[in-house]
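Structure provided below as structure tokens; questions to follow.
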Amino acid sequence: MPTVQAIHSRTAPVFKSTRLKRITVLAGGPGPEREVSLNSGIAVQDALLRLGYDVSMRDIHPGELSALEVPSDFIFIVLHGEFGEDGALQHELEGRGLAYCGSDSKSSRLAMNKVHAKRCFERAGIPTPGYEVVTARSTKSVFDHFPTPAVVKPVSSGSSVDTFIVRTSADVAKYAQFVAEKYGEALLERYVQGPELTVGVVGETALPVCEIRTRREFYDYQAKYIDDDTQYLFDLDLPAALLTRVQQLSVRAHQSLGCRVFSRVDWKIDAETYEPFILEVNTIPGFTDHSLLPKSAARAGIPFDQLIQTILDLSIT
């Protein structure tokens, strides 16, 4: 597995690529993560300006694509969730022949659909919690035998929106029905009791493992973007072999979906067995001051501006 030092050797000192001059940052979008996306977009825009690029930050929506008419050499996508991570925007850019950062439309669709992604992980030998998929009509057929505690979540969504930890069969039925009616399907997943970890991947390199601790029951939207007391820890009281394994599996998960350039891989660790279980791969992770990919890069000695430049360099090679 490439080392963090390899990233440094490719990108330090930071320089302005001669192949790119005008960059459009796309942020906002139609999903519930819109405000987070806009904040990420501002952070990326400011970094690109410091790096010397001609930058235009634009809001975009499936019904309003005028941002793609702005003359540009490169598109930096910072849309989370719907339209940004589900492959729809990438498909539009591919059809227009526009260069952009991150995973292509196929990989984005795979990663966004948690069930399709789980099947890829299983084929790649990456442990993932047991699960079932239900519709509003089929929830009653599974709630009485699905083990609790369990996690109920949308099949395709981000930032833990409408994600619930349930501890009784009655609540499995209640929340599965709610999610299935709202999204068409609900994913029931075995709850793994133990530390929550995340690993950034840049190129083919795993960044340092970060543990997330929150006062809430799990790392939900509030803990991610609003709470100031969520802890992000890098000095971990976990076996070194486990951390190395999680890094290696994170790169394998990234590759199993065909992802490119960067992603963030989320994990739960069974507190009794120390077995890691992958939750998901995020193809457009956040770039705000709460966001985990920049924190992990900084831990590896990669400043924010250098991270952005690295993403550009890897995207155009």
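Note that this is a predicted model, so its numbers are computed, not measured.
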In short, Pro276 meets Leu249 closest at the heavy-atom pair CG-CD1, 4.1 Å
Q. Between Ile23 and Ile284, is there a shared hydrophobic cluster once you connect ILVMFWY residues whose side-chain heavy atoms come closer than 4.5 Å?
A. yes
CE of Met112 to CZ of Phe83, rounded to nearest 0.5 Å, is 12.5 Å
Does the side-chain hydrogen bond (donor to acceptor under 3.5 Å, both in side chains) test come out yes or no for Glu211 and Gln231, once each step is laid out? CA-CA 8 Å; Glu211 181 180 352; Gln231 295 179 289; over 6 Å; no
query: With a 3.5 Å cut-off and no angle check, do the side chains of Thr198 and Glu196 form a donor-acceptor pair?
result: no
Interatomic distance, CG@Leu233 vs CZ@Arg299, rounded to 0.5 Å, equals 10.0 Å
Side chain to side chain contact (heavy atoms under 4.5 Å, CB included) assessment of Thr168 paired with Val172
CA-CA 6 Å; Thr168 67; Val172 170; over 6 Å; no
Taken to the nearest 0.5 Å, the spacing of Ile77 CD1 from Tyr100 OH works out to 6.5 Å
Side chains of residues 120-131: which donor-acceptor pairs under 3.5 Å do they make with residues two or more places apart or in other chains?
residue: Thr128; atom: OG1; partner: Lys118; partner atom: NZ; Å: 2.8
residue: Thr128; atom: OG1; partner: Ile278; partner atom: O; Å: 3.0

Distance col, row Thr283:OG1 vs His80:NE2, nearest 0.5 angstrom, shows 10.5 Å
So Gln309 and Tyr53, side-chain hydrogen bond (donor to acceptor under 3.5 Å, both in side chains) or not? Walk me through it. CA-CA 11 Å; Gln309 182 64 58; Tyr53 292 99; 3.1 Å; yes
* Asked: According to a 4.5 Å side-chain heavy-atom criterion applied to Ile, Leu, Val, Met, Phe, Trp and Tyr, with indirect links allowed, do Val70 and Leu26 form part of one hydrophobic cluster?
  -> no
Only residue of Leu20, Asp305, Val55 satisfying side-chain contact (heavy atoms from CB on, under 4.5 Å) with Leu48 is Val55
Exercise. Can you tell me if CZ on Phe234 sees more than 12 non-hydrogen neighbours from other groups inside 6.0 Å?
Worked result: yes
* Could you walk me through whether Arg96 and Glu69 pass side chain to side chain contact (heavy atoms under 4.5 Å, CB included), step by step? => CA-CA 10 Å; Arg96 294 173 181 245; Glu69 305 298 332; 2.9 Å; yes
Exercise for review: For the pair Leu197 and Leu238, evaluate side chain to side chain contact (heavy atoms under 4.5 Å, CB included) and give the outcome as yes or no after the intermediate values.
Suggested key: CA-CA 11 Å; Leu197 307 181; Leu238 291 169; 4.1 Å; yes
- Task: State, yes or no, whether a side-chain contact exists between Leu307 and Val202 at a heavy-atom distance under 4.5 Å.
- Result: yes
Can you find a pair of side-chain heavy atoms, one from Phe262 and one from Ser103, that are under 4.5 Å apart?
no
| query | Side-chain heavy atoms under 4.5 angstrom apart, residues restricted to Ile, Leu, Val, Met, Phe, Trp, Tyr: same cluster for Val155 and Val151? | reply | no
CH2 of Trp267 to CD of Glu275, rounded to nearest 0.5 Å, is 9.0 Å
For Phe287 and Pro294, the nearest pair of non-hydrogen atoms, with its separation, is CA-CG, 4.0 Å
Ion pair check, Asp270 and Lys268, cut-off under 4.0 Å
no
Output for pair (Asn282 CG, Cys259 SG), nearest 0.5 Å, gives 9.5 Å
task = Determine, for Tyr191 and Arg167, whether the Lys NZ or Arg CZ falls below 6.0 Å from the six-membered ring centre while staying within 45 degrees of the axis.
result = yes
Inset, instruction - Flag the pair Met57 / Leu38 as yes when at least one side-chain heavy-atom distance between them is below 4.5 Å, and no otherwise. - result: yes
Q. Are any non-hydrogen side-chain atoms of Glu85 and Ser108 less than 4.5 angstrom apart?
A. no
Arg264 and Pro285 have their tightest heavy-atom pair at NH1-CB, 3.8 Å
Derivation and outcome, side-chain hydrogen bond (donor to acceptor under 3.5 Å, both in side chains), residues Ser37 and Ser40: CA-CA 5 Å; Ser37 172; Ser40 288; over 6 Å; no
Answer whether the closest heavy-atom distance between the side chains of Leu188 and Val166 falls below 4.5 Å.
no
Exercise. Can you find a heavy atom in the side chain of Cys101 that is under 4.5 Å from one in the side chain of Phe74?
Worked result: yes
Across all chains, not counting sequence neighbours, the side chain to side chain contact (heavy atoms under 4.5 Å, CB included) partners of Arg109 are Ser105, Lys106
Q.
Do Thr288 and Val36 make a side-chain contact, defined as non-hydrogen atoms from C-beta onward lying under 4.5 Å apart?
A. yes
Heavy atoms of Glu189 and Leu279 approach each other most closely as OE1-CD2, 3.9 Å
* Lys21/Asp54 ion pair, N-O < 4.0 Å -> no
For Val78 and Gly41, the nearest pair of non-hydrogen atoms, with its separation, is CG1-N, 3.9 Å
Paired with Val281, the side-chain contact (heavy atoms from CB on, under 4.5 Å) test is passed by just one of Ser107, Ser250, Ser256, Ser263, namely Ser263
### Task
Verify, without hydrogens or angle tests, whether Thr163 (side chain) and Lys153 (backbone) share a donor-acceptor contact under 3.5 angstrom.
no
- Message: Under a 4.0 Å threshold between the charged nitrogen and the carboxylate oxygen, would Asp73 count as salt-bridged to Arg22?
- Response: yes
_If hydrophobic clusters are built by linking Ile, Leu, Val, Met, Phe, Trp and Tyr wherever their side-chain heavy atoms come under 4.5 Å apart, do Val115 and Val192 end up in the same one?_
no
Item checked: Verdict with supporting geometry, Gln45 and Phe76, side chain to side chain contact (heavy atoms under 4.5 Å, CB included) -> CA-CA 9 Å; Gln45 171 192 248; Phe76 203 115; over 6 Å; no
| Do Val133 and Tyr175 share a hydrophobic cluster, counting only Ile, Leu, Val, Met, Phe, Trp and Tyr and linking them when any side-chain heavy atoms are less than 4.5 Å apart? | no
Worksheet entry | Heavy-atom check, side chain of Leu68 versus side chain of Ile60, under 4.5 Å | yes
Shortest non-hydrogen pair, Ala88 vs Asp86, comes out as N-OD1, 3.1 Å
- Message: Would Arg190 pass as a cation-pi partner of Phe146, given that its NZ or CZ must be under 6.0 Å from the six-membered ring centre and within 45 degrees of the axis?
- Response: no
For residues 178-186, which side-chain donor-acceptor pairs fall under 3.5 Å, sequence neighbours excluded?
residue: Glu181; atom: OE2; partner: Gln177; partner atom: NE2; Å: 2.9
residue: Lys182; atom: NZ; partner: Asp162; partner atom: OD2; Å: 2.7
residue: Tyr183; atom: OH; partner: Asp162; partner atom: OD2; Å: 2.6

